[in-house]
Amino acid sequence: MGKNTDIRIKTPEELLILREGGRILADIFEEIKNSVKVGMTTGEVDQVADSLIKRNNVVAAFKGYRGFPACACISVNEEVIHGIPGKRVLKDGDIVGVDIGIIFQNYYSDMAVTLAVGILEPNRQKLLDVTRQALLHGIAKARAGNRLSDISFAIQSYVESKGFSVVRDFVGHGIGRKLHEDPEIPNYGSPNHGPLLKTGMVFAIEPMVNMGLARTKVLSDGWTAITADKKPSAHFEHSVAITESGPLILTVK
Ligand code: MG
């Protein structure tokens, strides 16, 4: 981290496009939250995402990306990220991570939430709450004058204080004209390292938090990352711009 990074500074005009794209993506997520139910398959959740993306006249950024076959990455329970939608049926007490990228006027937005299916066992509800809150702690450090690893440290220290672990094998990223731009944004690390943060930088910050140990492995489908100990994992992500007045979450209504 911090070496050979080319972090693009966005213009105010670009930020306006990114804000509008983020608003559309947040709208899409609100509808998905309302439609996910016990008994649905992950493939059906992806169909909902597909129809919402089309209705909003935006482009699904993940479909075809390095061969990914769907609009949404859908990751259930022990699946960390990059789950391929299919025949898996959502059961009462499951947690389901939904991650979607869209392209609006040639600019990318990226967002993920982990949803409760039915009633959760308390430790799973805590996992969701801690991961959502960890994202907000990271976002709070996305300020001009801080260093990149201040975001990472805020996420890791909060998550570990709650007894969970942060995934090391996957990280957040810059975003804008491409889905993945510099820099990489780990969810762990000591503070005050890496590039100096500046107004106009735009980041996809995305903690992945495991109930058990941090280690993950990728299934033979080449995509789905699961926890090595098969315990549950949660994932929340926002696209965030650094503005003169502080962090601006782009992927909200
Ligand atoms: Mg992302």
Side-chain angles (χ1 to χ4, degrees), residues 1 5-8 10 18-19 21-26 28-29 32 45-46 49 53 58-75 79-85 96-104 106-115 131-132 134-139 141-142 148 151-152 154-156 159 166-189 194 201-210 216 218 222-226 233-242 247-252:
M1 179 171 56
T5 52
D6 170 26
I7 307 177
R8 288 182 178 162
K10 275 73 178 180
L18 285 162
R19 179 69 186 96
R23 206 186 305 276
I24 293 168
L25 186 51
I28 288 170
F29 266 97
I32 289 173
V45 177
D46 185 64
I53 285 168
V58 293
V59 174
F62 296 172
K63 198 160 199 167
Y65 182 84
R66 297 184 180 173
F68 191 77
C71 292
C73 295
I74 302 185
S75 308
E79 295 173 350
V80 178
I81 53 167
H82 299 166
I84 299 175
V96 57
V98 180
D99 188 351
I100 300 173
I102 61 164
I103 310 167
F104 170 71
N106 296 320
Y107 283 81
Y108 288 79
S109 303
D110 194 356
M111 178 176 177
V113 301
T114 301
L115 302 171
T131 310
R132 190 190 299 105
L135 171 58
L136 297 179
H137 283 298
I139 289 170
K141 297 295 181 184
L148 185 67
I151 298 171
S152 313
I155 292 169
Q156 181 185 15
V159 166
V166 289
V167 169
R168 269 74 164 167
D169 302 330
F170 302 93
V171 297
H173 49 95
I175 186 167
R177 277 182 272 173
K178 294 195 292 182
L179 178 59
H180 296 120
E181 297 183 357
D182 280 344
E184 291 193 341
I185 308 173
N187 297 300
Y188 61 94
M201 291 179 175
V202 179
F203 297 156
I205 304 174
E206 49 177 323
M208 289 143 261
V209 175
N210 292 355
T216 69
V218 175
W223 280 104
T224 312
I226 66 165
S233 182
H235 177 213
F236 283 84
E237 175 178 27
H238 274 307
S239 299
V240 179
I242 300 176
L248 172 69
I249 303 179
L250 299 168
T251 39
V252 290

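Positions are given from 1 along the sequence. This structure is a prediction, so every number in the text was calculated from the model and none was measured. Indexing begins at 1, ligand by ligand and atom by atom, following the structure's order.
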Legend entry - Non-hydrogen atoms of Thr251 and Ser109 that approach each other most closely: CG2-CB, 4.4 Å
Inset, instruction - Take the Mg ion (ligand 1) as the centre and count protein N, O or S atoms at distances under 2.8 Å. - result: 4
Inset, instruction - List for me each residue that meets side chain to side chain donor-acceptor pair (under 3.5 Å) alongside Arg168, sequence neighbours excluded, and say none if there are none. - result: none
Inset, instruction - Identify the heavy atoms of Thr224 and Gly83 that sit nearest to each other, and give their distance. - result: OG1-CA, 3.8 Å
Exercise answer: donor-acceptor pairs, residues 171-180 side-chain atoms, under 3.5 Å, sequence neighbours excluded:
from   : atom 1 : to     : atom 2 : distance (Å)
His173 : ND1    : Leu179 : O      : 3.0
His173 : NE2    : Asp110 : OD2    : 3.1
His173 : NE2    : Glu206 : OE2    : 3.2
His180 : ND1    : Tyr65  : OH     : 2.8

Legend entry - Centroid-centroid distance, Phe170 to His82, less than 6.0 Å: yes
Legend entry - With sequence neighbours excluded, residues passing salt bridge (charged side-chain N to carboxylate O under 4.0 Å, His left out) with Lys141: none
